[in-house]
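Nothing here was measured: the structure is a model prediction, and the numbers come from that model.
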Amino acid sequence: MRFNVAILGAGNIAEAMAKALKGLGEEVSMYAVASRTLDKAAAFAKKWGFQKAYGSYEELADDEAVDLIYVATPHSEHFKNAKLCIERGRNCLVEKAFCANKKQAEEIISLAKEKKALLAEAMWTRYQPSKEVIKDCLGDLGKIHYLESDFSVPIIGVDRLYNPSLAGGALLDLGIYSLTVPAMYLGTDIKKVQVSTVKTDTGVDATDVIMLTYQDGTMARAKCSCVDDHSNYAKIVGDKGTMVFGPINAPEKVCIYDVEGNLIKKIDTPYRVNGYEYEVLACKEALQNGQTEAKDMPHSETLRMMGWMDAIRNHVGIVYPFENAADIALDDKDVWGVENAFCDENITV
């Protein structure tokens, strides 16, 4: 069966997905690309081998031959772009961060359920084969005490990261990866949250350090920065050893060390193309099975992560121009499972 995949947007992230689609060969059909100008769409289609090029997003959304549209626009545009496609009955894979805030995410998830359309977040870490390898190796560490994840890239000069109107800042672009690591491997039984943020002169976050303390005393430190030097790794420490893997967005290897720091196990976790392919294959499988969610990234996890990031932004006072402060002023009990989760003091667990 032909599986016609289209890309909405023709920027850098669209290029990465196009490469993945091309690498999948006959498993998918590189059907169409849409940009805000036909010239740009046509150039992109020619470069990668898409069959059709559209000079507007509306034209793509109206094409009933499309099986899946990958939304590859900036965070600030995901809501309206995905909504456009879903209203016309198209299935969507939306680049992370899924939306600018949880309120937007809830609205388009509700719309997708009404339209019986597949809707998934392209949080590629969740789809990687490395996920199962890491989970299998957690037992080698004994009782886990500490997790550290860091995704920092000096890219603040990029307009979409510096501009509040584009939902800029480190958190939605990089921090979602840093937060995903503890969410995936430590769970969500959180007792307290501490946040330190340094802002740019435009008011978005340049660097965030988020400390999560779990009910059992385990602590996670999630850092992201768009001004710090390159850093992309995760470390999980237990009483029997330490695991290190990276890059955290698409791990390529997992290393296990004993308590004396000796390497005792190394597992390579390569991907077929560049890692983006697994998102598309997961959506294809879901549609073949009559499902409207991807099992690796269900709606519940998308909403959880959006809630975490809303709560963090609310705590440090980062509100984008296109939203209201009330949009991200969520109840701690709903987000973290405990009352008064944010704490700026030492705590006892």
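- By the side chain to side chain contact (heavy atoms under 4.5 Å, CB included) test, Glu301 pairs with Arg126, Met297, Pro298, Arg304, sequence neighbours left out.
- Sorted by first and then second residue, the ring-ring contact (aromatic ring centres under 6.0 Å, His included) pairs involving residues 306-326 (not counting sequence neighbours) are Trp308-Trp336, His315-Phe342, Tyr320-Phe322.
- Listed by chain and residue number, Lys96, Arg160 satisfy the salt bridge (charged side-chain N to carboxylate O under 4.0 Å, His left out) test with Asp173 (two or more places apart in sequence, or in another chain).
- For residues 40-62, every residue pair satisfying the salt bridge (charged side-chain N to carboxylate O under 4.0 Å, His left out) rule, not counting sequence neighbours, is listed here: Glu15-Lys47, Lys52-Asp63, Asp62-Arg88.
- Every pair passing salt bridge (charged side-chain N to carboxylate O under 4.0 Å, His left out) that includes a residue from residues 306-318 is listed here, sequence neighbours excluded: Asp310-Arg313, Arg313-Glu323.
- Residues satisfying the ring pair (Phe, Tyr, Trp, His ring centres under 6.0 Å) criterion with Tyr276, sequence neighbours excluded, are Trp124.
- Under the salt bridge (charged side-chain N to carboxylate O under 4.0 Å, His left out) criterion, no residue pair touches residues 230-243, with sequence neighbours excluded.
- Every residue two or more places apart in sequence or in another chain that forms a salt bridge (charged side-chain N to carboxylate O under 4.0 Å, His left out) with Arg272 is listed here: Glu27.
- In terms of the side-chain hydrogen bond (donor to acceptor under 3.5 Å, both in side chains) criterion, Ser196 has no residue partners (sequence neighbours excluded).
- In this structure, the ring pair (Phe, Tyr, Trp, His ring centres under 6.0 Å) partners of Phe151, at least two apart in sequence or on a different chain, are Tyr177.
- With sequence neighbours excluded, the residues that form a salt bridge (charged side-chain N to carboxylate O under 4.0 Å, His left out) with Lys131 are Asp296.
- When the side-chain hydrogen bond (donor to acceptor under 3.5 Å, both in side chains) test is applied to Ser231, the partners found at least two apart in sequence or on another chain are Asp150.
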